[in-house]
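One structure is given here, and the rest of the page talks about it.
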Amino acid sequence: MRLRIDIVTLFPEAIRPYVEAALLGRAQKKGLVFIKIHNLRSFSQDRYRTVDDYPFGGGPGMVLKPEPLVRAVRFIAEYTESSPFVIVTSPQGELFTQRMAWELAQKEHLVILCGRYQGIDERVVALTNAREVSIGDYVLSGGELPALVITEAVVRLIPGVLGDEESLRYDSFSEYPFGPPQYTRPRVFCGLAVPEVLLSGDHARIERWRRERALEKAKRMRPDLFSLGSHCERREGVV
Ligand code: SAH
């Protein structure tokens, strides 16, 4: 087993089908990753299984209480006899990027905490020594989709998961900021022809063309990727 991921959520049923299907399902069957989903409610100790409470200071909505979340992390750490890397999903976290995915793919054990309502009691981050991670500048209703986004981006980097590791080279944010434009049959579709160079059989020329097109598009769509310290460069030595 290369990696274990524990996801703590109030809605296990929203996550389970996705981690059992397609790439994540196959990676688990191959024994490359083990994904366990925990119901946050089962870590609540009062008789109503309460997981949320009113915010101190007033304001609308509810906040996830710290005890069940911290108890969940401690339980998972004890049970697995490891010190997992804990991620708290939050729109206020560090932006999740391909570079962070490479970094997380080197870990042995991740625990991802999914918030709901107005979010998670602020103390949980400090108490679990977590990294707060955001998947983008927008607000979702829960950490379930962010947990799946992080899980899939990380798991596909584990050697053996994709089958064809070479394909990682062609991904955006890896060797070049963007992957190359891709075409498949038919050669002409609705009057639009596939660029002639791709049919030339001249591999050096194809490679050059792909690189130029990819760079040109990246510069147009994402000039920010070319600034110093941009997040597209990957951590070396993972694959
Ligand atoms: N009141 C909070 C938002 C809470 S949204 C705020 O304004 O910052 C409820 C939960 O959804 C969060 O606790 C988090 O787990 C998840 N979430 C929402 N948007 C997210 C994002 N962009 N990235 C990661 N997690 C997010």
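All ligand and atom numbering here is 1-based and tracks the order in the structure. Throughout, numbering of the chain's residues begins at 1 and tracks the sequence.
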Which atoms of ligand 1 are found less than 4.0 Å from any heavy atom of [X]?
X	answer
Y138	19 (N), 21 (C), 22 (N)
G115	10 (C), 13 (O), 15 (O)
Y117	4 (C), 5 (S), 9 (C)
G143	11 (O), 15 (O), 16 (C)
P146	24 (C), 25 (N), 26 (C)
Q92	6 (C), 8 (O)

Could you go through the salt bridge (Lys or Arg N to Asp or Glu O under 4.0 Å) check for E207 and R210 one step at a time?
CA-CA 5 Å; E207 188 67 28; R210 283 181 160 160; 5.2 Å; no

From T151 OG1 over to L23 CG, what is the distance, rounded to the nearest 0.5 angstrom?
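Atom-to-atom, T151:OG1 and L23:CG are 11.0 Å apart.
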
To the nearest 0.5 angstrom, please state how far the CG atom of D171 sits from the CD atom of Q98.
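The distance works out to 6.5 Å.
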
Nitrogen or oxygen atoms of G119 and ligand 1 under 3.5 Å apart
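Checking ligand 1 against G119, no N or O pair falls under 3.5 Å apart.
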
Any N/O of V139 closer than 3.5 Å to an N/O of ligand 1?
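No.
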
Please report which non-hydrogen protein atom sits nearest to atom 26 (C) of ligand 1, along with the residue it belongs to and the distance in Å to one decimal place.
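Answer, as residue, atom name and distance: P91 CD, 3.7 Å.
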
What protein heavy atom is closest to atom 14 (C) of ligand 1, reported as residue, atom name and distance in Å?
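That would be T89 O, 3.2 Å.
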
Within reach of ligand 1, part of V133 (heavy-atom separation under 4.0 Å)
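V133 to ligand 1: backbone contact only, side chain stays beyond 4.0 Å.
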
Option nearest [atom] (shortest heavy-atom distance, choices [options]):
atom	options	value
atom 2 (C) of ligand 1	Q118, R116, E132, E144	Q118
atom 18 (C) of ligand 1	I135, L140, L145	L140
atom 25 (N) of ligand 1	A147, S90, S134	S90

Determine, using heavy atoms of F96 and all atoms of ligand 1, whether some pair is separated by less than 4.0 Å.
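Checking ligand 1 against F96, which is what was asked, there is no heavy-atom contact under 4.0 Å.
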
Could you report the tightest heavy-atom contact between L225 and F173, atom names first, then the distance?
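Smallest interatomic distance, heavy atoms only, reads CD1-CE2, 3.9 Å.
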
Which heavy atom of P55 sits nearest a heavy atom of V63, and at what distance?
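Distance-wise, the nearest heavy atoms are CB-CG2, 3.9 Å.
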
Between the side chains of [Y] and [X], is the shortest nitrogen-to-carboxylate-oxygen separation below 4.0 Å, so that they form an ion pair?
X	Y	answer
E166	R169	yes
R205	E196	yes
R2	E108	no

Between E175 and Y170, is there a side-chain donor-acceptor contact under 3.5 Å, judged purely by atom types and distance?
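No, because no side-chain N or O of Y170 sits under 3.5 Å from a partner of the opposite role on E175.
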
Return the orientation label for the H38 and F43 ring planes: parallel under 30°, perpendicular over 60°, tilted otherwise.
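Answer is tilted, since the angle falls between 30° and 60°.
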
